[in-house]
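Worksheet for the structure shown next.
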Amino acid sequence: MEKEFLSDQSFELRDFTVSASCPSNIALIKYWGKYSGQIPANPSISYTLNHCKTNTELEFIAGEGFSVQTFLAGKEELKFAEKIEKYFRSIEPYLPWILKGKYIIRTENTFPHSSGIASSASGFGAIAKCLMEVDEAFSGESGAEFKVNKASFLARLGSGSACRSLYEGLVVWGKTSEVDGSSDFFAVRYPDADIHPVFKNFNDWVLLIHEGEKSVSSTVGHGLMNTNPYAERRFQEAHENFTLLKEVLRNGDMEGFIKLVEHEALTLHAMMLMSEPAFILMKTGTLAVINKIWEFRKSTGLPLFFTLDAGANVHLLFPNNGSEGQIKEFIEAQLLQHTQNNGVVKDVMKF
Ligand code: PMV
């Protein structure tokens, strides 16, 4: 399958500047654990966000020795450049021209840096989009579907979950019998026709409980699944959850959706607690917010719920179905106090 994206096409180089923008995404069924070659241990599904984006400009200077210079919000980032250099070397079989010039990459996020919002997803998504534009300019047109699938394939090799950011709506990565065309190598859009309208108009407000570096990177976290005695059961459960989610999405079963999404978030963190060595990414504020959400739901019956990434921040999920006013008031009055600097990023899902 990966062969599909190998390239031995002839190319014509020239100086080229291209820019692209790519949103972040938030997983509902989580990817946690992988095999070599960035192959996910289980299928995952995410919502693509709307406002949390990375904007990237990539300048290619032909004929100069291969080198990469990167700027994040105008500031030169040497570590990031090293990472991108290594990444470009790894994808040469798919883009044979890639090491034949110098790169200047200018990138900025529309959300606070180190906020815990997956900047690697939007970041690699935007770079992969730029690369496919350059590829088209050098090697000729390839067709819109192939181009986006290959961008997703390339983004995956940078950061697994990035491959889901290339499409709008609900997006699946990883082979599952529940979704036609799903693949371990690139993401596909979940069929819109199989999603009840109530799930297409959703908010994701990210409470910034803890800003700053995470104590354990997701690379290390994925690695610890290799020796986690509960890993196999977890991978199997993700498959089972796809079967459940498919039904929930079709029927508009909000209660079923909430139960499944929160269970997935807690399972992700439970895997961290059961790793050897164990690690904890939730903070006191994370737990306080979760408990308040549960109390709020119990007393009002309104559909406010949460998911978590590999970090302390809480993604507050709620539909625009008439109850959002009351939910927003509750968030402002009761939950914001658990953030570090009154930090909240208000996003909506993109369909
Ligand atoms: O793409 P990575 O390697 O940063 O892993 C992301 C993993 C989670 O965000 C925790 C889950 C997911 O599916 O996005």
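Each ligand, and each atom within it, is numbered from 1 in the order the structure gives.
- When heavy-atom distances to ligand 1 are checked against a 4.0 Å cut-off, Ala27 comes that close only through its side chain, counted from C-beta outward.
- Taking any N or O of Tyr31, backbone or side chain, at least one lies under 3.5 Å from an N or O belonging to ligand 1.
- Residue contacts with ligand 1: Lys34 is excluded, as none of its non-hydrogen atoms falls under 4.0 Å.
- Ligand 1 places these atoms under 4.0 Å from at least one heavy atom of Ala310: 10 (C).
- When ring centroids are compared, Phe330 and Phe296 come within the 6.0 Å threshold.
- With salt bridges taken as basic N to acidic carboxylate O contacts below 4.0 Å, none links Glu264 and Lys259.
- Annotation: Lys30 places no N or O atom under 3.5 Å from an N or O atom of ligand 1; distance criterion only.
- Under the 4.0 Å criterion applied to side-chain N and carboxylate O atoms, Lys246 and Glu178 are assigned as salt-bridge partners.
- A ring-centre distance under 6.0 Å is not found for Phe305 and Phe318.
- Against a heavy-atom cut-off of under 4.0 Å, Arg164 is close to the following atoms of ligand 1: 12 (C), 13 (O), 14 (O).
- For a threshold of 3.5 Å applied to N or O pairs, the pair formed by Ser159 and ligand 1 contains at least one separation below that value.
- Those atoms of ligand 1 with a heavy atom of His222 less than 4.0 angstrom away are 2 (P), 3 (O), 5 (O).
- Taking the six-membered ring for Trp, Phe146 and Phe5 have ring centres closer than 6.0 Å.
- The shortest N/O to N/O separation between Ser44 and ligand 1 does not fall below 3.5 Å.
- Distance CD1/Ile327 to CD/Glu332: 12.5 Å, rounded to 0.5 Å.
- Comparing Gly311, Ala265, Ser218 against atom 4 (O) of ligand 1, the shortest heavy-atom distance belongs to Ser218.
- Ion pairing between a basic and an acidic side chain is recognised when a charged N comes within 4.0 Å of a carboxylate O; Glu59 and Arg106 show such pairing.
- Per-residue contacts place Ser161 under 4.0 angstrom from the following atoms of ligand 1 (heavy atoms of the residue considered): 1 (O), 2 (P), 6 (C), 14 (O).
- No salt bridge links Glu77 with Lys79; every basic N to acidic carboxylate O contact stays at or beyond 4.0 Å.
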